[in-house]
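Here, residue 1 is the first one in the sequence, and each next residue gets the next number. Indexing begins at 1, ligand by ligand and atom by atom, following the structure's order.
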Amino acid sequence: MERLHISGGRALDGNISISGSKNACLPVLAASLLSADQIDISNLPELVDVSTMLRLIKELAGKCYELDGSALSIRAEEIQSKKAPYDLVRTMRASFLVLGPLLARCGYAEVSLPGGCAIGSRPVDQHLKGFEAMGAKIEVRDGYVIAETPEGLQGADIYFDKPTVGGTENIMMAASLASGTTNIFNAATEPEVKNLGDFLRAMGADISGHGSNQIKIKGVSHLKGCIHKVSADRIEAGTFMVAAAATRGQITMNGADPRELEAVTELLRESGAEVETSVDRIRVSMDARPRAVDIETAPFPGFPTDLQAQFMVLNAVAKGKAFVREQIFENRFMHVQELIRMGAKIELIGSNMAVVTGRKALKGAPVMATDLRASSSLVIGGLVADGETIIDRIYHIDRGYEAIEKKLSMLGASVRRIRK
Ligand code: UD1
């Protein structure tokens, strides 16, 4: 088990490059199973979740890829197994994204019900509703979703009850090889969905409207190989933006796309930070104590739920009081108890609202990471706090942040990884 030791109280200062996006590359890796041709992917981040997806691909299609640093060549010539086992799917919910490609390519799939971050029950009913509308027969048995399409997948009109990123992606992949046209209504509009649509188009899919809440996919008989560069991770960039402001430092994030972070930029400016942007660069600086700002998470282009925990730390050391409302996931306040251990004043009202009263300072403490984004909030807490913070269970952070301590050290932080 590894821990992070952080000696806090230093302003972060310097430049970093933003890595390839976890949430953008996982669906692209799953979609690689849709073709027997070669797909070349660059700018792949080195993350535990990416290794998990590659292990799953190996399970399904054999060792069909070569990985050279951040460059991956993948050629899923033959699907050898149609079963995504529990031990792989339980560690990462995005594994469920292989259901669409398997069903489209083989007409049969067994995929374990997902696990991943412990942030609420996170059902997959909308995915299944979509596949059923496309003619799949679905059964849930012994913790597995067993899906088959005796007559092949048929295009359909699918209305999601709520926008779901993974659900939209799963259906887009399956519909690309279905017969006829699929229309997804109330689709998720996140940049990662747009990105997957562009990737599928490069493979020869006939997709339009991706990035809006209505997507049209005309099925084709075959998808071909292509070349793809993974876009920058907007959540990693957003995390460093908040860290710059919370530590009253200045960070330039190279490679970040400011159009994907407008809601975060706006709130940081409200808190008193200076945010400068160009096409692929964001610079955040803060030279005074931040002002508290209310946050309400929402689907894109609203404030991302994946940055709620980090922003809460900024509010914890800000002047004034802020309301934080989590609207995407239930039970996404597990960082609160840990931040309270560091001296933060946070009161929970029901399961989706927190009231944060800013303190002049936080104090280092031993804390425990509970999920991916909660763990990055504890890192920011440790950077801001006086004294030493020890974060346990940092395997959560390695799922989604590439070289976190290296990047933080480059910005002047005192961070060490210790093996227990
Ligand atoms: C993706 C992201 C995750 C992010 C989330 C919301 C990846 C790998 N993960 O997760 O980082 O926090 O989007 O932006 O891209 N829901 C249902 N039924 C379903 C599917 C979802 O009720 O069938 C609910 C979920 O429980 C949640 C909400 O819909 O409350 C949004 O979930 P969804 O957009 O599907 O999130 P993920 O794709 O799992």
Side-chain angles (χ1 to χ4, degrees), residues 20-31 45 47-50 52-53 56 89-100 111 113-133 138 140 145 147 158-173 184 186-196 199 213 230-231 233-236 238-239 260-261 263-264 296-311 325-334 351-352 371-377 396-397 399-401:
S21 160
K22 170 179 94 69
N23 286 356
C25 78
L26 294 175
V28 159
L29 292 176
L47 298 172
V48 171
D49 274 11
V50 171
T52 305
M53 188 57 100
L56 182 55
V89 183
R90 88 187 153 85
T91 58
M92 184 182 74
R93 180 177 163 85
S95 315
F96 201 70
L97 292 174
V98 299
L99 180 53
V111 180
L113 284 165
C117 279
I119 46 174
S121 59
R122 301 183 82 173
V124 287
D125 58 309
Q126 299 302 304
H127 301 234
L128 302 186
K129 171 178 148 170
F131 291 126
E132 278 175 338
I138 291 179
V140 178
V145 171
I158 295 165
Y159 299 81
F160 283 130
D161 299 341
K162 54 161 90 170
T164 149
V165 174
T168 305
E169 292 168 343
N170 230 340
I171 298 300
M172 279 165 74
M173 292 187 278
I184 308 176
N186 200 19
T189 57
E190 268 64 10
E192 295 75 22
V193 173
K194 166 83 170 61
N195 183 78
L196 174 66
F199 175 73
N213 60 8
V230 178
S231 54
D233 195 313
R234 65 188 172 106
I235 304 302
E236 187 201 20
T239 300
E260 296 183 348
L261 285 153
V264 182
E296 210 170 272
T297 64
F300 187 81
F303 187 88
T305 174
D306 285 352
L307 289 171
Q308 177 258 106
Q310 299 88 318
F311 217 102
R325 189 191 292 272
E326 171 57 53
Q327 309 207 95
I328 305 295
F329 290 110
E330 52 186 76
N331 197 17
R332 205 173 199 182
F333 282 139
M334 282 181 300
S351 63
N352 76 336
D371 67 60
L372 169 56
R373 305 305 171 186
S375 57
S376 59
S377 79
H396 287 293
I397 209 161
R399 290 186 49 204
Y401 289 88

- Before signing off on this row, confirm whether Thr164 and ligand 1 have an N or O atom pair separated by under 3.5 Å. yes
- Note on the structure: Note: ligand 1 atoms sitting under 4.0 Å from heavy atoms of Asp125 are 17 (C), 18 (N), 19 (C), 22 (O), 23 (O)
- Item | Test applied, side chain to side chain donor-acceptor pair (under 3.5 Å); reference residue, Thr297; option that passes from Gln327, Glu326, Gln308 | Glu326
- Regarding Glu330 and Ser351, is there a side-chain donor-to-acceptor distance under 3.5 Å anywhere? no
- ligand 1 contact on Thr305 by region, counting heavy-atom pairs under 4.0 Å: side chain
- Any heavy atom of Glu192 under 4.0 Å from ligand 1? The part involved is neither
- Item | Trace of the side-chain hydrogen bond (donor to acceptor under 3.5 Å, both in side chains) decision for Asn170 with His127 | CA-CA 7 Å; Asn170 230 340; His127 301 234; 3.1 Å; yes
- Task: Check whether any N or O atom of Gln126, backbone or side chain, sits under 3.5 Å from an N or O atom of ligand 1, and answer yes or no.
- Result: yes
- Task: For Arg93, counting its heavy atoms only, list the atoms of ligand 1 lying under 4.0 Å from any of them.
- Result: 20 (C), 21 (C), 39 (O)
- Counting heavy atoms under 4.0 Å, the part of Lys162 that contacts ligand 1 is side chain
- Query: Hey, is ligand 1 close enough to Leu26 that some N/O pair sits below 3.5 Å?
  - Reply: no
- Going by heavy-atom distance to atom 25 (C) of ligand 1, choose the closest among Phe96, Phe160, Phe329, Phe300. Phe329
- Item | Identity of the nearest option to atom 11 (O) of ligand 1, non-hydrogen atoms only, from Ile328, Thr297, Asp306 | Asp306
- Less than 4.5 Å apart, any side-chain heavy atom of Thr189 and any of Lys194? no
- Query: By salt bridge (Lys or Arg N to Asp or Glu O under 4.0 Å), which residues pair with Glu190, not counting sequence neighbours?
  - Reply: none
- Any Arg234 side-chain heavy atom under 4.5 Å of Val264 side chain: no
- Message: Residue-level breakdown please: for Arg332 versus ligand 1, do any non-hydrogen atoms fall below 4.0 Å on the side chain, on the backbone, on both, or on neither?
- Response: side chain
- Message: One thing to verify: whether Glu236 and Lys22 come together as a salt bridge, which I'm taking to mean a side-chain N less than 4.0 angstrom from a carboxylate O.
- Response: no
- Would you call Ala188 a ligand 1 contact, heavy-atom distance under 4.0 Å? no
- Message: Using a 4.0 Å cut-off to any heavy atom of Val165, which atoms of ligand 1 qualify?
- Response: 1 (C), 13 (O), 33 (P), 34 (O), 35 (O), 38 (O)
- Out of Pro123, Gly167, Gly166, indicate the one that has the non-hydrogen atom closest to atom 22 (O) of ligand 1. Pro123
- Message: Before you tell me yes or no, could you show the steps for Ser377 and Gln310 under side-chain hydrogen bond (donor to acceptor under 3.5 Å, both in side chains), namely the whole-Å CA-CA distance, both residues' side-chain angles and the distance that decides it to 0.1 Å?
- Response: CA-CA 4 Å; Ser377 79; Gln310 299 88 318; over 6 Å; no
- May I ask you to decide whether Arg332 forms a salt bridge with Asp306, counting only side-chain N to carboxylate O separations under 4.0 Å? yes
